[in-house]
S.K.: 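Sharing a structure below in structure tokens format, with a few things to ask.
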Amino acid sequence: MKPGHFPEGTGGAVGRDFFARDPRRVARELLGKVLVRREGGELLAGRIVEVEAYLGTGDPAAHAAAGPTPRNSVIFGPPGHAYVYFIYGNHYCLNVSCQPGGTAGCVLIRALEPLAGVQAMARARGVALKGLRDLRKLTSGPGRLAEAFGITRPRDNGKDLTNRAAGLWIADDGFRPRRIHTTPRIGIRKAAERQLRYILPDNSFVSGKKL
DNA sequence: ATATCGATTATCT
DNA sequence: GATAATCGATATG
């Protein structure tokens, strides 16, 4: 899979019904979709190549496990909205809420293959693009992709990702993955054995691989 | 090449 | 006071 092409206007936004389902189903089908940010004439786009499913109150590893709080309220709300949280004092991470309103569930977006706005992403990340290898530093990891897209909690938490007018949305350009693998989720201690991480094994932008 | 560790804050015990 | 859905820098083989 080569660094791609994403002309403006390619692909419509994924609709509400897509997200109103079990996070495991949503996670699997999000692979290959495109995260798009368009604001102030700047276009950023990246293909989703790695995600994790976080289930509802019954999943000990999920932020939803403790019930609704001010921090996690978005994942108890309507589907297709951005849940953005701050972790390790340094990084924001982007999730999409799943399930109908009132039922918790979300998908964490963990890695993207850059498609458009590479220069802007490099600037946002403070990365010098010397070679193709440096592209991996832009969006291969949840904190990295958030920084590359300028995603923060004050700015983006609660945004409707099915609405292009919000400036941040998920598009379907028709790409369909050939293969999908599942693995345990990264960086958790509870329910650590569950196979709820979904990746495109043929894509070099999946996090954790060698540089 | 792998291993360890510090940064820095929201949330919970 | 401890921990966390991370990253990047530094140390060491």
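The sequence lines fix the lettering, A, B, ..., with proteins before strands; numbering per chain opens at 1. What you see below is based on every heavy atom in this structure, not just the backbone, and it leaves out hydrogens, waters and symmetry mates.
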S.K.: How close or far is atom P of dA9(C) from atom OH of Tyr88(A), stated in whole angstroms?
M.R.: 19 Å

S.K.: Quick check for you: among dT8(B), dA5(C), dG8(C), whose closest atom lies nearest to any side-chain atom of Asn90(A)?
M.R.: dT8(B)

S.K.: Using the six-membered ring wherever Trp is involved, compare the ring planes of His63(A) and Tyr85(A) and label them parallel, tilted or perpendicular (cut-offs 30° and 60°).
M.R.: perpendicular

S.K.: Among the nucleotides dT6(C), dG8(C), dA5(C), which one has an atom lying closest to any side-chain atom of Arg144(A)?
M.R.: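 When the side chain of Arg144(A) is considered, dG8(C) is the closest of dT6(C), dG8(C), dA5(C).
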
S.K.: Considering non-hydrogen atoms only, spot the tightest contact between Lys159(A) and Glu39(A) and give its length.
M.R.: NZ-OE2, 3.9 Å

S.K.: With nearest nucleotides of DNA chain B determined for Pro70(A) and Gly89(A) from heavy-atom distances, which residue corresponds to the more 5′ nucleotide?
M.R.: Gly89(A)

S.K.: Surrounding CZ of Arg179(A) (heavy atoms of other residues, nucleotides or ligands, distance under 6.0 Å), is the total greater than 12?
M.R.: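 It does: Arg179(A) CZ has more than 12 such atoms within range.
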
S.K.: Between Gln99(A) and Asp22(A), do the side chains contain a donor N or O and an acceptor N or O under 3.5 Å apart?
M.R.: no

S.K.: What integer distance in Å separates Phe86(A):CZ from dT6(C):C1'?
M.R.: 10 Å

S.K.: For Asn157(A) and dT11(B), what is the distance between atoms CG and P respectively, to the nearest whole Å?
M.R.: 10 Å

S.K.: Please report the C-alpha distance between Ile199(A) and Arg110(A) in whole Å, then the side-chain angles of each, then the deciding distance to 0.1 Å, and finally whether the side-chain contact (heavy atoms from CB on, under 4.5 Å) criterion is met.
M.R.: CA-CA 9 Å; Ile199(A) 64 172; Arg110(A) 288 190 54 89; over 6 Å; no

S.K.: Would you mind reading off the distance between Arg136(A) atom CZ and dG8(C) atom C1', rounded to a whole angstrom?
M.R.: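 Nearest whole value for this atom pair: 14 Å.
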
S.K.: Closest-nucleotide mapping onto DNA chain C: is Lys190(A) or Val127(A) further toward the 5' terminus? I mean the 5' end.
M.R.: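 Nearer the 5' end of the strand: Lys190(A).
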
S.K.: If I take atom CD in residue Glu50(A) and atom C1' in nucleotide dC7(C), what distance separates them, rounded to the nearest angstrom?
M.R.: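 About 14 Å, once rounded to whole Å.
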
S.K.: Does a side-chain N-to-carboxylate-O contact under 4.0 Å join Asp172(A) and Arg176(A)?
M.R.: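 Result for this pair is yes, salt bridge flagged.
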
S.K.: When rounded to the nearest 0.5 angstrom, what is the spacing between OG1 in Thr182(A) and CD in Glu52(A)?
M.R.: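 Going from OG1 on Thr182(A) over to CD on Glu52(A), the span is 11.5 Å.
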
S.K.: With heavy atoms under 4.0 Å as the rule, sort Leu108(A) into base, sugar-phosphate or nothing.
M.R.: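 Base: the residue Leu108(A), judged by heavy atoms under 4.0 Å, touches a nucleobase.
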
S.K.: Please report the distance, rounded to the nearest Å, between NE2 in His91(A) and P in dC7(C).
M.R.: 6 Å

S.K.: Distance check needed: dA5(C) C1' versus Leu55(A) CG, whole Å only.
M.R.: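 These atoms are roughly 13 Å apart.
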
S.K.: Name the nucleic acid region contacted by Ala66(A), choosing base, sugar-phosphate or nothing; use a 4.0 angstrom heavy-atom cut-off, strictly under.
M.R.: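 Contact class for Ala66(A): none.
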
S.K.: Taking donor-acceptor contacts at under 3.5 Å, does the side chain of Tyr85(A) reach the base of dA10(B)?
M.R.: no

S.K.: In which ranges does DNA chain B form stems of 3 or more consecutive Watson-Crick or G-U pairs, distances under 3.5 Å?
M.R.: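 Output for stems: B:1-7 with C:6-12, B:9-12 with C:1-4.
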
S.K.: Rounded to whole Å, how long is the line connecting atom CD1 of Ile87(A) with atom P of dA4(C)?
M.R.: 9 Å

S.K.: Taking the side chain of Arg189(A) as heavy atoms from C-beta outward, which of dT9(B), dA4(C), dT8(B) is closest to it?
M.R.: dA4(C)

S.K.: Do any side-chain nitrogens or oxygens of Arg125(A) fall under 4.0 Å of OP1 or OP2 in dG8(C)?
M.R.: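 Checking dG8(C) against Arg125(A), a side-chain N or O does come within under 4.0 Å of OP1 or OP2.
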
S.K.: Considering residues, nucleotides and ligands other than Arg25(A), do more than 12 of their heavy atoms fall under 6.0 Å from its CZ?
M.R.: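 Open: at most 12 neighbouring heavy atoms sit under 6.0 Å from CZ of Arg25(A).
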
S.K.: Looking at Arg153(A), does any N or O in its side chain come under 4.0 Å of the phosphate oxygens OP1/OP2 on dT9(B)?
M.R.: no

S.K.: Hey, does Arg71(A) reach any base, or is it just sugar-phosphate, or nothing, if we go heavy atoms under 4.0 Å?
M.R.: sugar-phosphate

